Undergrad: 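This is the structure, below, for whatever I ask next.
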Amino acid sequence: MTAPALTAIEQRVLWLATAIVHQANRVRPNPSGLKVGGHQASCASLVSIMTSLWFRHLRPEDRVSVKPHASPVLHAINYLLGELDEAYLPTLREFGGLQSYPSRAKDPDPVDYSTGSVGIGATAPIWGALARRYLTTRGSSAGTGRQYSLVGDAELDEGAIWEAILDPAVAELGEIVWIVDLNRQSLDRVVPNIAAGRLQGMFDAAGWQVLALKYGRLLEELFTRPGGAELRARIDGMPNPEYQRLLRCDAAQLRDRLPAGNPALSALVASLDDETLLAAIRNLGGHDLGSLDEVFASVADDRPTVIFCYTVKGRGLPTQGHPQNHSSLLTVAQMEELASALGTDLASPWERFADGSPEGALCAEVASRLRRPDVPSVPSLELPVDIGRTPSGTATTQAALGRVLLDLTREAPEAAKRVVTVSPDVSSTTNLGGWVNKVGVWSATERRDWFEDDPETIMHWREKPTGQHVELGIAETNLVGLLGELGATWSRWGEPLLPIGVMYDPFVERALEPWSFGIYAGGQSILIGTPSGVTLAPEGGAHQSITTPSIGIEQPGCVSYEPAFAIDTEWTLLAALGRLGKPGGTSSYFRLSTRPVDQTLAAVPTDPAARERRRRQVVAGAYLLRRAASPAVTLAAMGALVPDTLAAAERLAQVGVEADVVCVTSPGLLFEALQARSGRGSAESWILDRVFPASRAKPLVTVLDGHPHTLAFLAGINRVPSVALGVTGFGQSGSLEDVYRYHGIDTDAIIRAALDAVS
């Protein structure tokens, strides 16, 4: 009873997925005439795999990442299971409708992982598994379950895939199952070389269980007949394009092309009727429900598994196997023929199975089996806003990071338990050593620290399930992938974490795209780039970041901070932690420095009310650090350049030019405030009136260790003349003084710019 019902569901899923794309392109009005798009052929190659997975093998605790172009298949299955209203089916790629690719944040039906950025959605379940294990070892009820990735074979060209597979931590994740849709076609062409063996070897070398599902049961039976060995050798040996061309042949052409002069094979082909012959050449394992059952049942749980499922792109559609079928759309006539073949109706495309039918009963049973409990409400975390210390002496903002984390363990121990730091092998060089010594390194099982009794060992590597630092290999993409999933635990299981990723600032842009995608998918985290800028003078241009300061302006869902002092680092980091792990929360990016700065320059008020006023301004984006009696110019500086700007103000005063000095902590927040003041946003704009009051509007000089456009918009607050100083070229090795002078951001350059602005 189940087998015919499952086959009928498979056919209905194919129809619904194809019709969803058809409605969006051929039926829905399109006044603009712009291409809507969709991928009927890419959907068809995954229909059998997803039908088998959802209707036979998935459990409610399992999670699945679906390849981007198969989103209509996911929506079709959700519809049959009662998880998607019929009204959404004609809305693919429509404003407010079904998204182009699966989206946790924007689609109306259940989506486990957002996909769409090649390689990132595929690897997300790896980091989801790690995040869940982290929670579980800390006593959470996140549970267990497999983490599936449905991956197109062309997606394996993406380097992020292999960075994730090769990370040492991944080989221990037995809940990971990748299913490769091996249809041997990319966007533009049929992949010319047979690469499956090489790919399988790469997974095997990384410690994965490798399973291959190449042929269905019909072909496997034919291989046992006389001439069967020759048939297998013929199909195994032909190049991909030749096999794809055979899919486009009728029976007579197939009889002519397939034997290739082999008598035994000719005899076997001659013994088959046309229907069997045509079915056999298409009988790949990824479309055989029985074979899929068998391979899914053979998955081990002691290591990650990859299943290479051979499929036909466009299987069951008139476009199957065509090298240009990637974005091709069936015509109305072809859709009518497909409807007739599948027992559906193009005029009424969204029919569900009748309640009393075997298919309807199976859908109801699966819907009940896969129903998940509601996510528990997210607990509120009590975080301090000011630890109360006033730093003195000389310190760096990078060192302040570690100090704040340690202070948090004393001032707010319950919140501190939810902090998890992640680093790509740079913990010691980014001042996390004290924190790591305090909380330990996370590991699913405890491992002995063989250097624990070594008196010369300063940083101790104590790996244990209670550790709060996760160390990955040197791959920034992996780090931010894990950050995204650690930052999504509040919405998956009602268990908020406070994830902080630390990497060298020059490599932030390498990680920015996957981190941005994680934010899009609902992951809330803090990314810290340190050390940063040309202030990292001796390292030279290869390690001196230029464009990262503007990330907070340009990245949705993110607030950026570049503090100048240790106290600013504390206040802004505590504020950023307070935005994590809850509905409506946001991520943050910090740009920290290794430049030692005299902390008395911060002039932190001693009066409690005045101190709180300063703190609020620091968190809001800027504060007036030096107030002149009668200013002729305003100097606005950020981060490591604040001491030089203060020095410039003192020297300007000696020549009769008084200057206000504004310390900018977040250009992004100031830009949002400016937009809101113009009626183009909902942010509060009070900070502009406090720091840049119209009554003190004077010519403006902006300066930072980064591209000058980051602060250039500040001149628009009061529409004053301005000079924007910053870094616009690749750096040089040298002393701090030499490098600042080379880029025109030293004290002398600031003075010259100020005199030019007021002249």
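Source: prediction; values computed, not measured. Quick note: numbers below take in every heavy atom, side chains included, and nothing from hydrogens, waters or symmetry partners.
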Undergrad: Could you check whether the rings of His69 and Tyr101 sit parallel, tilted or perpendicular, using 30° and 60° as the cut-offs?
TA: tilted
Undergrad: When you check the side-chain N and O atoms of Asn30 and Ser32, is any donor under 3.5 Å from an acceptor?
TA: yes
Undergrad: Do the charged groups of Arg492 and Glu485 touch, with an N to O distance under 4.0 Å?
TA: yes
Undergrad: Centre of Phe296's six-membered ring, under 6.0 Å away, within 45 degrees of the axis: is that where NZ or CZ of Arg56 sits?
TA: no
Undergrad: Would the distance check show the side chain of Trp178 and the main-chain N or O of Thr123 forming a donor-acceptor pair, the cut-off being under 3.5 Å?
TA: no
Undergrad: Can we call the ring centroids of Phe203 and Trp162 under 6.0 Å apart?
TA: yes
Undergrad: Are the charged groups of Arg28 and Glu94 less than 4.0 angstrom apart, N to O?
TA: yes
Undergrad: Treating Ser45 as the side-chain partner and Lys313 as the backbone partner, does any N or O pair qualify as donor plus acceptor under 3.5 Å?
TA: no
Undergrad: For residues Gln555 and Ser516, is any side-chain donor paired with an opposing acceptor at under 3.5 Å?
TA: yes
Undergrad: Between Arg133 and Glu175, does any NZ, NE, NH1 or NH2 come within less than 4.0 Å of an OD or OE carboxylate oxygen?
TA: yes
Undergrad: Between Ser48 and Glu10, does any side-chain donor sit less than 3.5 Å from a side-chain acceptor?
TA: yes
Undergrad: Any donor-acceptor pair under 3.5 Å linking the side-chain atoms of Glu513 with those of Ser117?
TA: yes
